[in-house]
Protein chains: 2
Amino acid sequence: MTPETIKIACSNCNLRELCMPIGLDTAELERLDQIVATRRKVKRRDTLFRHGERFTSLYAIRTGVFKTRVTTADGRDQVTGFQMAGEIIGLDGIVNDRHACDAVALEDAEVCVMPFERIEALSREVNGLQRHVHKIMSREIVREHGVMLLLGSMRAEERLAAFLLNMVQRLHARGFSESELMLRMTREEIGSYLGLKLETVSRTLSKFVEDGIAEVQQRHVRIVDAAALRRIVDSPAC
Amino acid sequence: MTPETIKIACSNCNLRELCMPIGLDTAELERLDQIVATRRKVKRRDTLFRHGERFTSLYAIRTGVFKTRVTTADGRDQVTGFQMAGEIIGLDGIVNDRHACDAVALEDAEVCVMPFERIEALSREVNGLQRHVHKIMSREIVREHGVMLLLGSMRAEERLAAFLLNMVQRLHARGFSESELMLRMTREEIGSYLGLKLETVSRTLSKFVEDGIAEVQQRHVRIVDAAALRRIVDSPAC
DNA sequence: CGGGAAGTTGACCACCCTCAAATCTGGTGG
DNA sequence: CCACCAGATTTGAGGGTGGTCAACTTCCCG
């Protein structure tokens with residue numbers, strides 16, 4: 001909860017390609033900088049926002065990894081996604097002016113706070129931004145379709161294979177290794193996301209190790225045989 | 001594929017409260033009418049759009065029920081939702097200018113075709129419309145969170161109970177009975193949506209009948225004890 | 001009115017969950 | 001700096017939920 005007032009312009013942010021629209025001219029780019037009100041640091045385990053809180057802003061992740069989760073009155077909860085640098089969170093809050101899920105930092109993190117009113121005002125004038133906002137929301141809808149497919153029709157191995165491939169692919173797009181990754185979440189959080197129990201996640205990872213598909217040391221995972229993982233994901237339902 | 005050119009204005013459409021923004025003045029309301037280019041009739045089993053097709057428009061459902069589904073190369077498929085009058089479909093197409101899922105009519109249906117360029121142009125000028133578009137997309141994101149919760153952490157009975165309650169609630173909002181509904185989809189389609197096999201859907205429905213919770217005659221369902229269904233949904237995970 | 005799709009039900013079993021115990025890790029305080 | 005402890009992870013044994021396969025019935029739709 002330490003609001004940071006240091007401003008770094010979007011126009012020279014190294015995450016611009018991931019988080020902001022491309023194809024804007026210089027004048028438009030400078031107007032974009034107005035969108036980010038402040039930066040905010042969030043410590044590990046702290047929430048960026050919590051379900052029920054008033055919605056005011058979207059957040060662009062600068063550093064760190066978040067999880068979002070929905071919780072029910074009876075104590076069930078479901079991780080709905082893991083978000084990393086360059087990704088936008090908070091879209092769930094727009095419908096009802098209140099957030100519908102919690103966003104929790106899995107490691108110390110920093111976000112750009114973008115008041116939604118500013119986004120709306122500017123996107124009325126900068127067509128590229130308007131389109132970009134629409135695309136971000138649409139992308140989230142399509143992503144969730146993919147998760148529904150995973151939860152609705154894949155077996156444990158397939159889910160975990162898809163999860164690992166997805167994580168490593170997103171990390172690779174951010175300049176990290178194509179084959180090694182450091183998981184920022186527990187087995188239980190992975191399980192919640194994939195609709196599995198933590199023991200099943202652990203066992204399935206062990207199986208990948210046995211089969212020579214991956215090497216696992218706690219949170220550190222090295223994908224030895226990515227092709228095998230892809231084969232598991234694409235295996236015709238069994 | 002029979003484009004209908006008959007135009008009926010949004011401003012006097014009886015579904016306006018469901019599908020269009022409220023709180024617009026008369027002048028703004030009339031401009032809204034420009035959004036709907038045409039009507040289009042879709043026959044049972046026909047697709048309104050198909051995954052891979054170029055995205056041009058959103059569709060507001062006037063009559064009929066649709067399902068949307070994603071399919072994978074290896075033949076898996078997953079129903080991602082059932083949509084009824086007043087709901088908007090096609091949002092998945094915005095990200096990549098191509099549709100990411102199929103929309104299939106479960107009965108003869110009619111939709112309003114709303115070219116997305118027109119929506120974007122007008123929402124730059126009518127703030128209420130801009131906000132409304134954002135809310136519609138956000139609502140879809142939140143709805144999918146709910147489905148993820150269902151698929152990730154509920155058992156068969158709970159899923160089906162949640163499904164029936166959700167259907168009847170949406171139908172009730174459209175002026176239909178609070179306790180009776182006619183399912184427009186097969187057991188297999190329900191199963192795909194809920195991550196269950198059709199036999200499990202059938203068995204679970206039979207169990208509801210045994211327990212005096214519902215009466216089922218094929219696609220016709222009468223909810224006898226809605227409270228019991230709610231209890232099943234809210235039962236602490238078990 | 002007939003054929004085919006949709007739905008129901010039963011038997012069996014696989015996959016994943018539950019419960020339990022042991023081990024490992026990283027952070028904290030003495 | 002080390003000991004300790006809570007939390008995270010692994011692994012095992014056993015059981016239950018829902019999947020699979022199959023047969024039969026019912027209901028539309030053409």
Side-chain angles (χ1 to χ4, degrees), chain A residues 43-45 67 76 78-79 104 106-108 150-161 163-164 182-211 214-221 232 235-238, chain B residues 43-46 67 76-79 104-108 150-164 182-211 214-221 232 235-238:
Chain A
K43 296 205 84 63
R44 188 166 128 89
R45 285 178 230 270
K67 71 171 175 185
R76 242 194 282 260
Q78 171 74 26
V79 170
V104 183
L106 297 179
E107 57 185 338
D108 290 358
L150 181 144
L151 291 172
S153 71
M154 289 188 176
R155 294 177 314 102
E157 265 188 44
E158 301 171 327
R159 295 183 198 193
L160 201 61
F163 170 75
L164 290 177
M182 186 63 77
L183 298 172
R184 301 301 171 176
M185 64 293 287
T186 66
R187 303 287 190 262
E188 186 170 22
E189 288 163 334
I190 297 172
S192 172
Y193 181 57
L194 299 178
L196 301 171
K197 291 292 151 183
L198 68 95
E199 295 94 329
T200 304
V201 173
S202 178
R203 261 186 262 272
T204 308
L205 279 176
S206 299
K207 182 163 188 313
F208 287 167
V209 174
E210 272 179 46
D211 297 352
E215 291 166 9
V216 178
Q217 272 142 38
Q218 297 294 123
R219 308 258 177 121
H220 182 90
V221 176
I232 289 173
S235 73
C238 176
Chain B
K43 297 206 84 65
R44 189 165 127 89
R45 285 179 229 270
D46 280 354
K67 70 171 174 185
R76 243 193 282 260
D77 75 344
Q78 171 75 28
V79 170
V104 182
L106 297 179
E107 57 185 337
D108 291 356
L150 181 145
L151 290 172
S153 71
M154 290 187 176
R155 295 179 311 104
E157 266 188 42
E158 301 171 326
R159 295 183 197 192
L160 201 61
F163 170 74
L164 289 176
M182 185 62 77
L183 298 173
R184 301 301 171 175
M185 66 293 287
T186 66
R187 302 290 190 262
E188 186 170 23
E189 287 163 333
I190 296 172
S192 172
Y193 181 58
L194 299 178
L196 301 170
K197 292 290 151 183
L198 67 96
E199 294 95 330
T200 305
V201 173
S202 179
R203 261 187 264 271
T204 307
L205 279 176
S206 299
K207 181 164 187 314
F208 286 166
V209 173
E210 272 178 47
D211 297 351
E215 291 168 8
V216 178
Q217 270 141 41
Q218 297 295 123
R219 308 259 177 120
H220 182 90
V221 176
I232 290 173
S235 73
C238 177

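Per chain, numbering begins at 1; letters A, B, ... match sequence-line order. From a predicted model like this one, the values you see are computed outputs, not experimental measurements.
- Across the protein-nucleic acid pair, A/H220 atom NE2 and D/dT10 atom P stand 14 Å apart, rounded to whole Å.
- Using a 4.0 Å cut-off, some side-chain N or O of B/S206 falls inside it from OP1 or OP2 of C/dT9.
- Phosphate contact (OP1/OP2 of C/dG7, side-chain N/O of B/R219, threshold under 4.0 Å): present.
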Stepwise side-chain contact (heavy atoms from CB on, under 4.5 Å) check, A/T186 with A/R219:
CA-CA 8 Å; A/T186 66; A/R219 308 258 177 121; 3.4 Å; yes

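- Regarding contacts with the backbone of D/dG19, a side-chain N or O of B/T200 is found under 4.0 angstrom from either OP1 or OP2.
- Look at CD on B/Q217: it is 13 Å from C1' on D/dT26, rounded to the nearest Å.
- A straight line from CD of A/E188 to P of D/dG7 spans 12 Å, rounded to a whole angstrom.
- Atom-to-atom, CZ of B/R187 to P of C/dT9 comes out at 10 Å; the value is rounded to the nearest Å.
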Intra- and inter-strand pairing of DNA chain D, written as dot-bracket with Watson-Crick and G-U pairs under 3.5 Å and | for the latter, reads ||||||||||||||||||||||||||||||

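- A donor-acceptor contact under 3.5 Å links the side chain of A/E199 to the base of C/dC19.
- Salt-bridge formation is not detected for the pair A/E210/A/R203: no Lys NZ or Arg NE/NH1/NH2 atom is positioned less than 4.0 Å from an Asp or Glu carboxylate oxygen.
- Side-chain atoms of B/R203 come within donor-acceptor range of the base of D/dT20, with a qualifying N/O pair under 3.5 Å.
- Among the heavy atoms of the strands lying under 4.0 Å from A/G195 are primed sugar atoms or P, OP1, OP2 only; no base atom is included.
- Rounded to whole angstrom, the span from the NZ atom of B/K207 across to the P atom of D/dT17 amounts to 10 Å.
- A/E157 contributes atom CD, which lies 5.0 Å from atom CD1 of A/I232 (distance to the nearest 0.5 angstrom).
- When side chains are defined from C-beta on, A/L150 does not count as touching A/F163, because their heavy atoms never get closer than 4.5 Å.
- Out of D/dT10, C/dG7, C/dC16, the shortest distance to the side chain of A/V216 is found at D/dT10.
- For the pair B/L198 CG and D/dG18 C1', the interatomic distance rounds to 12 Å; values are reported in whole Å.
- Relative to the side chain of B/K197, the nucleotides C/dC16, D/dT9, D/dG19 differ in distance, and D/dG19 lies closest.
- At a threshold of 4.0 Å, the pair B/R44-B/E107 does not count as salt-bridged, since none of the basic side-chain nitrogens sits closer than that to a carboxylate oxygen.
- Between the CD atom in B/Q78 and the OG atom in A/S153 there is a gap of 5.5 Å [rounded to 0.5 Å].
- In terms of position along DNA chain D, the nucleotide closest to B/M154 lies nearer the 5' end than the nucleotide closest to the other residue of the pair B/R45 and B/M154.
- Using a 4.5 Å heavy-atom cutoff, the side chains of A/R159 and A/L196 are in contact.
- Judged purely by atom type and a 3.5 angstrom limit, B/S192 uses its side chain to pair as donor or acceptor with the backbone of B/V79.
- Note: CD1 (B/I190) to P (C/dT8) measures 9 Å, nearest angstrom.
- As a whole-Å value, the separation of A/Q218 CD from C/dT25 C1' is 6 Å.
- A/R159 has no side-chain polar atom (N or O) that falls below the 4.0 Å cut-off from OP1 or OP2 of C/dC16.
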